[in-house]
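All remarks here apply to the structure that follows.
Bear in mind that the values here come from a model prediction, so they are computed numbers and not experimental data. In listed order, ligands and their atoms are each counted from 1.
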Amino acid sequence: MTVQAAAPRATRSRKPAAATPPPDVDWRTVARIMLTSRALDRVEVDDLVPAGLVKYQFSAGGHELGQVLLGLALDHPRDAAAVYYRSRPFMLTNGLTPEEGLAATMGRVGSPNGGRDIGVVFNLPRRERATILPMSGDVGAQFTPALGWAHAIRYRTTVMGEADWDGAVAVALGGDGACATPGFWAALNMATTARLPYLFFIEDNGYAISVASSFQTPGANIAANLASFRNLLVLDGDGTDPAACAALVDRAIGHIRGGSGPALLRLVVPRLLGHSVQDNQAYKPAELRAREAARDPLPRLRDFLVPEVLTAADWAAVEAEAEAEVAAARDRAAAQAEGRPDDAHAFVFSDAAHPQTVGGTRPEGAGLSVDFGARPNPPEPVRLNLVDTVRMTLEAEMRATQRVLVFGEDVGAKGGVHGATRDMQLRFGADRVSDTALCEEGIIGRAVGLALAGLVPVPELQFRKYADPATEQLNDCGTIRWRTHNRFAAPIVVRIPVGFSPATGDPWHSVCDEVVFAHSVGWKVVFPSDAEDAAGLLRTALRSDDPVYFLEHRALYFGAEARRPYPGDGYMIPFGQAAVRRPGTDLTVVTWGAMVHRAIEAADAFGGAVEVIDLRTLVPWDAESVLTSVRRTGRCLVIHEDHVTAGFGAEVVARVTAEAFEHLDAPVLRVGGADCPVPYNVRMMNGVVPSVAQMRDRMATLLAY
Ligand SMILES: Cc1ncc(C[n+]2csc(CCOP(=O)(O)OP(=O)(O)O)c2C)c(N)n1
């Protein structure tokens with residue numbers, strides 16, 4: 001491994017001081033944190049990396065000044081920031097200790113992520129200044145969760161009337177490369193259209209690893225290109241000039257706190273070391289590296305402060321203090337234990353005994369009660385469509401708590417393309433039931449930030465296929481609790497219409513693909529087959545402390561087979577509890593969603609021989625009920641609409657053969673959708689979606705085995 005020299009110490013630069021230091025900045029603290037950050041880099045590069053104790057080292061050398069000034073400005077108790085891997089000076093300003101910083105890069109138990117994540121992938125419940133939202137290792141993924149926090153500032157101030165949120169700001173820090181990501185543009189569109197209190201803090205060091213900024217934006221200056229963007233204050237300056245930098249940070253934050261909407265501040269900085277310690281920067285001309293070294297903000301700060309603010313002796317004392325603190329932190333961090341291998345299994349899902357510190361309603365004690373007790377009688381035994389009980393449940397929960405809010409494409413005035421939110425905007429207002437820009441990544445990222453800020457966001461994704469653009473945010477949401485060692489959680493309920501419609505199919509609107517969701521860590525997956533279950537399971541989802549995929553089948557929205565009376569405003573069904581829809585003696589059919597009704601119809605041909613079990617939830621799934629049934633019947637058939645290859649049925653089959661093998665009288669079989677997209681032509685569609693005839697055929701084969 002090529003290891004480069006650590007970032008230099010603060011020797012005097014040849015440049016004269018730029019201006020008189022503004023009096024309202026605590027420059028001694030700025031100096032101390034910048035010197036501490038440099039000392040941390042040095043101890044890692046010179047000592048811990050060569051010793052094999054630190055594997056990933058990302059230096060912030062050159063970026064420190066703006067980050068520390070920004071950190072000091074985030075003094076409102078409700079401020080939050082989404083950071084990136086070069087944000088350690090900002091983290092130190094927000095209360096991260098040097099010992100935690102080194103424990104993190106060494107993967108020790110005292111890391112803010114308990115050794116689970118790279119040491120510069122940060123999170124931090126509020127200490128001295130901003131709450132640091134759980135960071136993602138995906139470049140650009142920081143922008144939309146911060147947007148959600150900005151939305152929460154607005155919502156908690158105006159809808160919930162909480163004055164203590166007034167004036168807060170949300171910030172996302174990122175590099176020039178990050179400005180090319182979909183997350184950046186998603187947040188930019190949403191922050192500016194809604195005029196949210198949001199700061200894009202862009203540290204432009206000219207490179208994304210080895211790729212120059214000219215590849216990220218034409219002319220290599222994102223601020224210049226955004227100059228005419230509506231509803232956005234755009235500021236641009238030198239991130240190594242103390243007075244100019246302080247003035248820019250002050251202006252940006254003042255603009256946002258004053259209610260004037262979002263701002264983008266681009267600071268041009270040198271990257272004094274490689275992208276990471278492994279990067280020797282061979283792609284940069286020597287002359288450019290020399291120019292970058294000459295722009296080091298640390299000697300510039302020294303020149304700026306000494307002697308007007310600090311004497312040379314003061315500066316030396318601060319430097320010695322930082323060095324000593326880091327040396328002591330190094331020893332303490334190195335002495336920390338490492339996690340046990342099975343420690344990694346904890347906190348994938350919520351644990352009643354160990355609540356998270358930030359996110360969801362639980363930390364504020366604001367959640368609605370969870371009660372799986374007696375089912376209230378419906379006032380009128382009128383059978384309703386599934387789509388109606390979804391809406392009634394949403395409305396009941398929104399009446400019960402202001403924390404629930406619904407948003408997505410067309411959910412407002414139109415009431416959703418499926419009618420699930422029909423007239424809800426009229427009843428609850430446009431702050432609680434709102435349309436969004438056509439941007440699924442933004443919809444989900446925003447939901448994550450809202451949940452982190454204590455709200456219960458219920459985003460609708462218009463069709464299953466259109467979850468694709470949100471994949472990054474969905475996957476990152478599921479692992480927040482685990483990645484932050486249970487400090488943060490973002491319990492959101494994502495409603496997604498799935499599957500074919502009886503009128504027609506097609507490759508875009510008829511996708512099921514629930515197995516992908518079942519495979520994503522940290523998510524519960526709910527797939528109701530009728531209107532009563534939809535109400536009971538949706539209420540449980542809305543009161544859950546984990547993120548939930550709530551899959552609503554298009555054929556069941558208005559299908560007569562799924563109609564049931566509304567079971568009442570208190571009705572809840574626990575996750576992981578299957579329902580026997582039809583008892584039987586000789587064959588267990590395991591299924592879910594729209595296939596439940598086809599399976600029942602097929603089973604009718606065999607008298608009382610076939611038992612049909614509806615799983616209702618796939619994560620968790622009720623293996624015990626299935627195994628108990630199979631041990632009695634001796635046969636098992638799994639039916640689902642999703643493609644048969646690597647579908648969730650394979651999971652069920654694996655468990656049944658592993659745990660009920662001695663009871664089986666026949667092989668365990670599957671009926672699933674064909675391994676191709678769902679076609680538009682209905683005759684062709686019926687050759688792809690499992691049919692009653694196909695199911696009957698398989699049932700007959702197994703019963704005769
Ligand atoms: C979505 C995604 N793509 C690629 C990467 C790999 N990667 C990590 S950092 C990086 C460069 C980012 O550069 P920039 O945003 O300019 O920040 P800088 O490192 O220069 O501070 C890349 C390509 C990633 N982490 N995430």
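- By the criterion of a heavy-atom distance under 4.0 Å, the side chain of Y84, and not its backbone, is placed next to ligand 1.
- Within a 6.0 Å sphere centred on CZ of F229, heavy atoms belonging to other residues, nucleotides or ligands number more than 12.
- The contact set between ligand 1 and D138, taken as ligand atoms under 4.0 Å from a residue heavy atom, comprises 26 (N).
- Between M135 and Q142, every side-chain heavy-atom pair lies at or beyond the 4.5 Å cut-off.
- Set against the non-hydrogen atoms of N205, the atoms of ligand 1 under 4.0 Å away are 18 (P), 20 (O), 21 (O).
- A salt bridge between D176 and R266 is absent, with no side-chain N of the basic residue lying under 4.0 Å from a carboxylate O of the acidic one.
- Ion pair R271/D204 not flagged as a salt bridge, since none of the NZ, NE, NH1 or NH2 atoms sits closer than 4.0 Å to an Asp/Glu carboxylate oxygen.
- Shown in contact with A178 at under 4.0 Å from a heavy atom are these atoms of ligand 1, numbered in order with element: 15 (O).
- Per-atom contact check: atom 14 (P) of ligand 1 touches the protein, criterion being a heavy-atom distance below 4.0 Å.
- Both the backbone and the side chain of V139 come within 4.0 Å of ligand 1, counting heavy atoms alone.
- Crowding of Y56 atom OH: a count of heavy atoms from other residues, nucleotides or ligands under 6.0 Å not exceeding 12.
- Under the 4.0 angstrom criterion, atom 1 (C) of ligand 1 counts as having a protein heavy-atom contact.
- At least one heavy atom of G137 sits less than 4.0 Å from an atom of ligand 1.
- With a 4.0 Å cut-off on non-hydrogen atoms, R271 does not touch ligand 1 at all.
- A salt bridge links R42 with E323; the closest basic N to acidic carboxylate O contact falls under 4.0 Å.
- Every atom of ligand 1 with a heavy atom of G177 under 4.0 Å away is listed here by number and element: 14 (P), 15 (O), 16 (O).
- Close approach of ligand 1 to R86 is summarised as follows: ligand atoms under 4.0 Å from at least one heavy atom of the residue are 18 (P), 19 (O), 21 (O).
- Side-chain contact of Q57 with Q278: a donor-acceptor pair under 3.5 Å is absent, judged by distance alone.
- Residue H63 places no N or O, backbone or side chain, under 3.5 Å from any N or O of ligand 1.
- Contact annotation: the side chain of I222 approaches that of F184 to within less than 4.5 Å [non-hydrogen atoms, C-beta and beyond].
- Taking the charged nitrogens against the carboxylate oxygens, E292 and K284 do have a contact shorter than 4.0 Å, which makes a salt bridge.
- Every atom of ligand 1 with a heavy atom of A208 under 4.0 Å away is listed here by number and element: 11 (C), 12 (C), 13 (O), 16 (O).
- At under 3.5 Å, a nitrogen or oxygen of Y207, whether backbone or side chain, sits near a nitrogen or oxygen of ligand 1.
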